[in-house]
Amino acid sequence: MANLAKGLRAARGRFITFEGGEGAGKSTQIKLLAERLNASKIPAITTREPGGSPGAEIVRHLLLSGLAKALGAEAESLLFAAARDDHVTTVIKPALEQGKWVLCDRFTDSTRVYQGELGHVDPQLIRAMERVTIGNLKPDLTFILDVPVAVGLKRAIERRGTATADRFEGEGIEFHEKLRNAYLGIAANEPKRCVLIDANADTETVASRIWTALRDHLFSAAIAGDNSKT
Ligand code: T5A
């Protein structure tokens with residue numbers, strides 16, 4: 001195991017994305033996982049979408065303030081793609097090349113779900129934008145955090161306090177139910193990349209489920225790769 005951990009540190013970093021509906025606990029869990037990896041001497045950075053780089057953070061404001069909503073879902077998709085392009089080029093790829101693990105709060109699955117499934121943007125356009133913005137950069141692992149809609153919205157509302165709901169938090173219950181189902185669909189369709197995590201539990205329990213799944217997926221992949229060399 002020690003040799004494996006050493007090998008994982010020396011190689012290209014791993015790219016891990018976190019997905020799920022509003023208030024599922026992604027930001028909380030990303031922070032905990034980064035702390036645990038860094039404590040294990042695996043260098044890890046955290047980042048988020050939309051945003052994560054200075055240019056993309058400007059686009060984030062346009063999108064989440066609702067300023068771009070009037071332009072329609074297709075135009076919003078293009079803005080998410082523009083932000084992703086900058087983020088991938090200036091932050092994600094360089095970190096992976098330096099051997100760092102990148103933990104990203106939302107990525108392409110969010111576009112597929114929010115703009116594709118919910119916004120009815122043509123899936124061909126969504127795939128074309130993915131080809132341009134990420135090329136071959138597929139996440140090594142995606143955690144889809146699943147909570148009942150009422151639980152996620154309650155957490156998001158409590159955290160927000162007196163601030164105004166953002167562009168998507170302000171949508172109705174039906175929207176959030178469809179969102180949850182769309183994520184469940186992705187988890188079912190891509191079981192090699194995606195792990196569905198029951199996030200309707202206390203923070204430590206969810207963190208432990210994520211750590212176990214990470215160990216199972218990435219270490220077993222490393223063992224398989226190691227054995228194939230012999
Ligand atoms: N979007 C994004 C698109 O439409 N297309 C795209 O391509 C992309 C990339 C981003 C929005 O943009 C959309 C999706 C989103 O609507 P955001 O502000 O980044 O918006 O917000 P979200 O990603 O939705 O994240 P949230 O901050 O709402 O939720 P998190 O990160 O899942 O949850 P977290 O960790 O902040 O927790 C929320 C609250 O719950 C508590 C926390 O302390 C916090 O107060 N909490 C728990 N409470 C009890 N038990 C637990 N286990 C808890 N875990 C956390």
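Indexing begins at 1, ligand by ligand and atom by atom, following the structure's order. If you read the sequence from its start, that first residue is 1, and numbering goes on from there.
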Going by heavy atoms, is [X] under 4.0 Å from ligand 1?
| X | result |
| --- | --- |
| R48 | no |
| E76 | no |
| E158 | no |
| G20 | no |

F80: partners by ring-ring contact (aromatic ring centres under 6.0 Å, His included), with sequence neighbours left out: none
Number the atoms of ligand 1 from 1 as they appear, then name those within less than 4.0 Å of a heavy atom of [X], with their elements.
| X | answer |
| --- | --- |
| E49 | 9 (C) |
| A201 | 50 (N), 51 (C), 52 (N) |
| D166 | 18 (O), 20 (O) |
| S27 | 30 (P), 31 (O), 35 (O), 36 (O) |
| R84 | 7 (O), 9 (C) |
| A24 | 32 (O) |

For the residue pair [X] and [Y], confirm or rule out a side-chain donor-acceptor distance under 3.5 Å.
| X | Y | result |
| --- | --- | --- |
| S110 | E19 | yes |
| Y183 | R112 | no |
| E171 | H176 | no |
| R84 | T111 | yes |
| S27 | D105 | yes |

Got the closest protein heavy atom to [atom], with its distance?
| atom | value |
| --- | --- |
| atom 23 (O) of ligand 1 | R106 NE, 2.6 Å |
| atom 33 (O) of ligand 1 | G25 N, 3.2 Å |
| atom 5 (N) of ligand 1 | Q115 OE1, 2.8 Å |
| atom 17 (P) of ligand 1 | R60 NH2, 3.5 Å |
| atom 20 (O) of ligand 1 | L64 CD1, 3.7 Å |
| atom 35 (O) of ligand 1 | T28 OG1, 2.5 Å |
| atom 25 (O) of ligand 1 | K26 NZ, 3.4 Å |
| atom 16 (O) of ligand 1 | E22 OE2, 2.8 Å |

Donor-acceptor contact below 3.5 Å, side chain R209 vs main chain E204: no
Any donor-acceptor N/O pair, S40 side chain to I42 backbone, under 3.5 Å: no
Interatomic spacing from CZ in R180 to CG in D146 - rounded to 0.5 Å: 4.0 Å
Nitrogen or oxygen atoms of G23 and ligand 1 under 3.5 Å apart: yes
Among R159, H176, E204, R155, closest by any non-hydrogen atom to atom 46 (N) of ligand 1: R155
Parallel, tilted or perpendicular, as decided by the 30° and 60° cut-offs, for the rings of F107 and F15: perpendicular
Criterion salt bridge (charged side-chain N to carboxylate O under 4.0 Å, His left out) on K93 and E97, from CA distance to verdict: CA-CA 6 Å; K93 280 188 176 164; E97 278 156 19; over 6 Å; no
Qualifying residues under side chain to side chain donor-acceptor pair (under 3.5 Å), relative to R193, sequence neighbours excluded: D109, T142, E190
